[in-house]
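Computed from a prediction, not measured in an experiment: that's the story for all the values here. Counting starts at 1 for both ligands and their atoms, following the listed order. Just so it is clear, the values below take in all heavy atoms, side chains as well, and ignore hydrogens, waters and symmetry mates.
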Amino acid sequence: MRVLPLALLSTAISIGLSACGGSSSDSGEPIEVPQVESLKALSTTYMGAAVPAGYEDQFSNGIETRPELQDVVIQHFDQITAENIMKSAYIQPRQGDFTFQDADNLVDWALDNNITVHAHALVWHSQMPSWMENYQGDWLTMMDTHVSTVADHFKGRVVSWDVVNEAFNDNNDNGYATYRDTDANSGGHGSPWYQNLGKDYIPEAFKMAHAADSGAELYYNDYNIEDDGAKLASVLRMADELLADDIPIDGIGFQMHVSYDWPSAQAIGTSFAKVVAKGLKVKVTELDIKMNPNGDRNTFTAAMAEEQKLRYQEIIKAYYDNVPANLRGGITVWGVSDADSWIPHFTGHNDWPLLFNSSLEQKPAIEGVANELK
Ligand code: G3I
């Protein structure tokens, strides 16, 4: 494995970057390239981005070898999340074999550049190593070893953790979503954690994370909870239970993999407000906006770029309008360049969900964010 010190690859902020005007090339028609100087300079809360990282073959787009991506991150963001390499499959691929090198390099690079780290994710049903999924021993002990070892390793170097990720299904059972359990009950994506430990795995994971790193803020993180529906109701009910039992949870992470037309800004604002009413922090952890969710908008037009700008703007506004300063955990976009987004792989269609195009030029979307931060 190559191990390159990231700090050596990173140059000083490229002042001319994105400041040239002109037009984007993803579309086939001219799209204005804005000249926002720095999102983080405008923001009063963490402004984050997920970054691909790691030297394994599967991460050929890792930030380590892309100084131009490093420059954009340094210029605009004061927080990063590792898109993959802190997940269990990568960090404990074999039982007891903790592979921290790639994540350590990334965290060191971030800290060297005054960027904080939101860490993702300790307990999740997906991207688990096969030994863990098929574990035959005591699951509570196995979970404790993973959570404690990983949280302790990054103690003092990360500001927050997604402790439990995506514990609920997307169904509506009398106004609530059910816990993810067997594959059969969970659309093929069940949770071995729930199957082996029941819903108690959630408070236990928070207690273990807090014991290992009492300085980190601890989040429950999920998607499709920003539409004020049954899944949010379940997350709120779980939060009530955790708070009643004095479980150390600081906030709820709204992933926010949304679309240009779903959900409404009003529903998003109401969802944030319901978490705020519990006294918990609200963190937007994985924001991106699908512009072609159904495959019927296959070219990114100037009109769609403008539509996306206004959509980003109304979402940031909903956040600032509904979350008071002391409960703002920050806003993170799930990637920098459209070329790196997970969305086209997921939907099977072209898409342009992020703030920068595939040439790392600014899109009108970034102006939508900047307008609301100002
Ligand atoms: O390791 C294989 C490699 O061998 C293979 O050649 C390559 C071919 O596509 O795939 C490689 O693994 C991929 C991995 O990313 C690393 O690139 C997986 O197939 C792919 O499924 C995986 O996708 C990640 C996904 O989580 C997995 O669920 C995305 O990059 C990542 O953006 C996404 O992030 C999640 C958050 O963690 C949680 N919330 C939802 C969000 C979006 O799904």
Quick check on contacts: which atoms of ligand 1 are under 4.0 angstrom from a heavy atom of E166?
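Here the atoms of ligand 1 in question are 38 (C), 39 (N), 40 (C).
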If you count the atoms of ligand 1 from 1 in the order shown, which ones are under 4.0 Å from a heavy atom of N165?
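In order of number, 38 (C).
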Between N84 and ligand 1, is there a nitrogen or oxygen pair with a distance under 3.5 Å?
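There is such a contact, yes.
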Consider every N or O of Y90 and every N or O of ligand 1, then say whether any pair is closer than 3.5 Å.
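For ligand 1, there is no N or O atom that lies under 3.5 Å from one belonging to Y90.
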Please work out whether any backbone atom (N, CA, C, O) or any side-chain heavy atom from C-beta onward of [X] is under 4.0 Å from ligand 1, and answer side chain, backbone, both or neither.
{"X": "N221", "result": "neither"}
{"X": "Y223", "result": "neither"}
{"X": "Q255", "result": "side chain"}

Has D152 got a side-chain atom pairing as donor or acceptor with S148's backbone, closer than 3.5 angstrom?
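Such a contact is absent between D152 side chain and S148 backbone.
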Charged N to carboxylate O below 4.0 Å: is that the case for [X] and [Y]?
{"X": "E307", "Y": "R297", "result": "yes"}
{"X": "D200", "Y": "K207", "result": "no"}
{"X": "E241", "Y": "K199", "result": "yes"}
{"X": "K283", "Y": "D250", "result": "no"}

Measuring from the heavy atoms of F346, does anything fall under 4.0 Å of ligand 1?
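No heavy atom of F346 comes that close to ligand 1.
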Just to be sure I'm reading this right: ignoring hydrogens, which of K87, M86, E83 gets closest to atom 26 (O) of ligand 1? Compare them by their nearest heavy atoms.
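Looking at heavy atoms only, the winner is K87.
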Test K317 against E372 for salt bridge (charged side-chain N to carboxylate O under 4.0 Å, His left out), laying out the working first.
CA-CA 6 Å; K317 179 169 167 31; E372 230 17 82; 5.2 Å; no
So W131 and Y135, would you call those rings parallel, tilted or perpendicular, with 30° and 60° as cut-offs?
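The rings of W131 and Y135 stand perpendicular, inter-plane angle above 60°.
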